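To keep things clear, I will list the structure first and then write my remarks on it.
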Protein chains: 2
Amino acid sequence: MKEFLAITKALSDEGRVRILLALRGGELCVCQLIELLALAPSTVSRHMAILRQAGLVELRKEGRWAYYRLAGEEAPPMVRRALDWVVESVGRNARAQEDRRRLKEILRIDKEELCKLLKEG
Amino acid sequence: MKEFLAITKALSDEGRVRILLALRGGELCVCQLIELLALAPSTVSRHMAILRQAGLVELRKEGRWAYYRLAGEEAPPMVRRALDWVVESVGRNARAQEDRRRLKEILRIDKEELCKLLKEG
DNA sequence: TCTACAATTCGCCATACATCGAAATGTAAT
DNA sequence: ATTACATTTCGATGTATGGCGAATTGTAGA
């Protein structure tokens, strides 16, 4: 029950749901999610910790960068079904499509460049 | 997205999840849920309002009594899948089984009798 | 009409959570 | 070694949420 509630709580924030949907296209760097959601780095980092604690996303660290991806096939059925449910329920949402569009643009920018831009404003 | 978040928020409280699982056996009166969860009537009523707003349960009023049941087949797929997910994830939980046992006993008591007992404490 | 009563709504309190900026962490480059 | 920098952790603040008791609502019976 605790694990289940960790998932439902993780899913009960719009920003975190948007993150999960954005990760459908493959792993993303934290700075890319910061740009997408327009939130403070500390806030996004906290969101990722919550998603990770719930088992919904996995982390890969490479140098200074942190890449997050959706939980894989080996994840517990409870988690897999949660992710499927999210995608089927809000994957075609207006907000989700807008994010998809913006994400394409964000991915065009080099990561290093993107981080610089974030600092300036 | 708003409807989806209404569901995830509704599901992110243990008491409300227990209520949904208890309703698997068919509709229940509010006083029966009060007894099962050992919460104040006002609290249970609020929980039911949240579940109803999310579309997860339906209400039937009969005289002074209010009966709640799980959303039916005609409910949106998002809701149906949520309920299926809940049942499959925590339906066999220890807490859920204990509730099932206690619910059997509660259902043996006449509703009028049960309400009287609740007043006394 | 008046009373009893199941359920709901309201007002209040304590706790949990989202957010931010500042400080800390750890890695890469100079 | 030192600096630069992506990310995380920490501390503070405002808002949301769960809980209760009191007051309200609406229905059934006296």
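It should be emphasised that the depicted structure is a prediction, and the values quoted were computed from it without experimental measurement. Every chain is numbered from 1, with letters handed out A, B, ... down the list of sequences.
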Just the rounded figure in Å: distance from [atom2] of [N] to [atom1] of [X].
X	N	atom1	atom2	answer
B/M48	D/dG18	CE	C1'	16 Å
B/K116	C/dA7	NZ	P	15 Å
A/L39	C/dA18	CG	C1'	9 Å
B/K61	D/dA28	NZ	P	11 Å
B/E113	C/dC5	CD	P	13 Å
A/W65	D/dT8	CH2	C1'	16 Å
A/E62	C/dA28	CD	P	9 Å
A/R46	C/dA22	CZ	C1'	15 Å

Task: Electrostatic pair A/E98-A/R102, nearest N-O below 4.0 angstrom - done: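 A salt bridge is absent here (no side-chain N lies under 4.0 Å from a carboxylate O).
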
Open item on the list: Using a strict threshold of under 4.0 Å (side-chain N to carboxylate O), is an ion pair present between A/E27 and A/R60?
Closed with: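 So A/R60 pairs with A/E27 through a salt bridge.
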
Task: Shortest side-chain distance from A/A40, nucleotide among D/dT8, C/dG21, C/dA7 - done: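 Nucleotide nearest to A/A40's side chain: C/dG21.
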
Task: Of the listed nucleotides C/dG26, D/dT8, C/dC20, the one nearest the side chain of A/R64 - done: C/dG26

- [ ] Name the nucleic acid region contacted by B/Y67, choosing base, sugar-phosphate or nothing; use a 4.0 angstrom heavy-atom cut-off, strictly under.
- [x]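 The answer is nothing, as B/Y67 stays clear of every strand by at least 4.0 Å.
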
Open item on the list: By the 4.0 Å heavy-atom rule, please label B/I50 as base, sugar-phosphate, or nothing.
Closed with: sugar-phosphate

Task: 5'-most by nearest nucleotide on DNA chain C - A/P41 or B/V44 - done: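 Mapping each residue to its closest nucleotide by heavy atoms, the 5'-most match is B/V44.
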
Task: Within one Ile-Leu-Val-Met-Phe-Trp-Tyr cluster: B/L28 and B/I50, side-chain cutoff 4.5 Å - done: no

Open item on the list: Checking the side chain of A/S45 only, and the main-chain atoms of A/S42 only, is there a donor and an acceptor separated by less than 3.5 Å?
Closed with: no

TODO: Please check if the side chain of A/N93 supplies one atom and the backbone of A/A96 the other of a donor-acceptor pair under 3.5 Å.
DONE: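 No, A/N93 side chain to A/A96 backbone: no donor-acceptor pair under 3.5 Å.
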
Does a side-chain N or O from [X] land closer than 4.0 Å to OP1 or OP2 of [N], or not?
X	N	result
A/Y68	D/dA6	no
B/T43	D/dG19	no
B/H47	D/dT17	no

Open item on the list: Suppose we call a contact any N or O donor and acceptor under 3.5 Å apart; does that hold for the side chain of B/S42 and the base of D/dG21?
Closed with: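 Check passes, donor-acceptor contact within cut-off.
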
- [ ] For DNA chain C, find the residues of residues 8-35 of chain B with a heavy-atom distance under 4.0 Å and give them by number; none if there aren't any.
- [x]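 Going residue by residue through residues 8-35 of chain B, the ones with a heavy atom under 4.0 Å of DNA chain C turn out to be B/C29, B/V30, B/C31.
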
Task: CZ (B/R46) with more than 12 external heavy atoms under 6.0 Å - done: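 Atom CZ in B/R46 is not crowded, with 12 or fewer foreign heavy atoms closer than 6.0 Å.
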
Open item on the list: If you define the side chain from C-beta out and look only at heavy atoms, does anything of A/V17 sit under 4.5 Å from B/T8?
Closed with: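 Not touching, per the 4.5 Å side-chain cut-off.
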
